[in-house]
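One-based numbering, in listed order, for ligands and for the atoms of each.
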Amino acid sequence: MPDDMKPKTKPGLATRLSHAGRAGTHAHGFVNPAVHRGSTVLYPDVATRQAAGDKRLDQYMIYGTMGGPTHYALEDVIAEIEGGTRCQLVGTGLAAVTTPLLAYLKSGDHCLMPDSVYGPARGFATGLMAGCGIETGFYDPCIDAAGLEALMQPNTKVVYVESPGSHTFEVQDVPALSRVAHAHGAKVLMDNTWGFHHFQPFEHGVDVSIQALTKYAVGHSDVLLGSIVTNSDEDWERVRTTSLALGMYASPDDCWLALRGLRTMAVRMERQMKSALEVAAWLQARPEVAQVLHPGLPGAPGHDIWKRDFTGACSLFGLVLQPGFSQEAAHAMTNSLQLFGIGASWGGYESLALPTTGFISRTAGTGHLVGQTIRLHIGLESPADLMADLEQGLAVLRSNSLTPHT
Ligand SMILES: *Cc1c(COP(=O)(O)O)cnc(C)c1O
């Protein structure tokens, strides 16, 4: 939609998150929806049972696997944030990756994935998908339209994108890649977890948007959850049918916790984005650091496309240490940090640090980074405290190095 045709009165994210997916009159006037747990759905008579279907407006559902009011409330909010029409919830972010891949690919098909794709997505493609006779080619995430065009095969049914890439944060030209995919009749599936709310997938040519709600939506590192959002009836049917066939499900208790997390997400993300940019800029000026991989940082790789396509950034980024520092020194630095937990995942209220050198797989022959890499997630702590902690960490790095930098 051209900018001048967009409704000018669309409320801001914080407003929408305060009002979407509320209980309305269904919870006896209470502000929030109730947790509806259940398998069996009871009917007053057989005819009502036979008329029940998998439609959101039906008064009666068929069975718990099809979701209930708590799921619907969360689905409404997620579809709204992503700018799509319908949302399917699944138990984890990884299930939100694998379900649409299985929905659009069958034996004999070809899939293209960026070399920087989330590790378990790569593992699914080279493992289970390959075992089902689905071939996957990994491409340079920074490829342009002509480059993708050259990789498209008559049987390419899915062009998968993830922008920025996991661990290495390459920003992809999603609109250009989507145009090529669509010209060949392929679907564009996007892992949009990093860009949640800051990147509107359906305005950039994406057909199916994947979210690990485990991250900022939940926001407290205590729930795993995934969502798949579509923007057409056809895509919805495909994703919904596959999800039900696989028995995918999300716990209503977890959905309720995600709804609760979402109410404060706008303020958390705003604060964490600001803190992360402050820490990233500080790191960029440090002599021990060769490169800061934060697309929102002026001068960082991918910044131009990020500026064109994104309205903000999350608080996850990478740093590349100067090539003189060893893996042992990078690990000693990470171990010395007091305010950063060492662990996977991100999007919670707490800061994390993770050496990532061993997690970066590259088969497309491009994008090799020289120097140890560390991924940082910036939480809600005061940035000054985080920078003081990193400062002492960098001192540990230097003291563990055979070729110390001064
Ligand atoms: C965390 C993550 C996932 C998977 O989410 P889980 O809920 O942990 O399964 C998928 N994609 C990206 C980019 C992630 O960071």
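Contacts of Trp346 with ligand 1, taken as heavy-atom pairs under 4.0 Å, involve the side chain alone. Residue contacts with ligand 1 for Leu94 involve both N, CA, C or O and side-chain atoms from C-beta outward (heavy atoms, distance under 4.0 Å).
Within the structure, the ring pair (Phe, Tyr, Trp, His ring centres under 6.0 Å) test picks out no pair touching residues 253-282 (sequence neighbours left out). For residues 294-313, the set of pairs meeting the side-chain hydrogen bond (donor to acceptor under 3.5 Å, both in side chains) definition, not counting sequence neighbours, comprises Asp173-Arg308.
Of the N or O atoms in Glu162, none lie within a sub-3.5 Å distance of an N or O in ligand 1. The shortest N or O to N or O distance between Val97 and ligand 1 is not under 3.5 Å. Residue Ser345 places no N or O, backbone or side chain, under 3.5 Å from any N or O of ligand 1.
The aromatic rings of Tyr249 and His71 are tilted relative to each other, their planes meeting at an angle between 30° and 60°.
Residues Thr357 and Gln327 bring no donor and acceptor atom of their side chains to less than 3.5 Å of each other.
In this structure, of Thr193, Ile210, Thr98, Asp191, the residue bringing a heavy atom nearest to atom 11 (N) of ligand 1 is Asp191.
Of all atoms in ligand 1, numbered sequentially from 1 with element shown, those under 4.0 Å from a heavy atom of Leu224 are 7 (O), 8 (O).
Between Arg240 and Glu75 there is no salt bridge, since none of the side-chain N atoms of the basic residue sits less than 4.0 Å from a carboxylate O of the acidic one.
When ring centroids are compared, His204 and Phe310 stay outside the 6.0 Å threshold.
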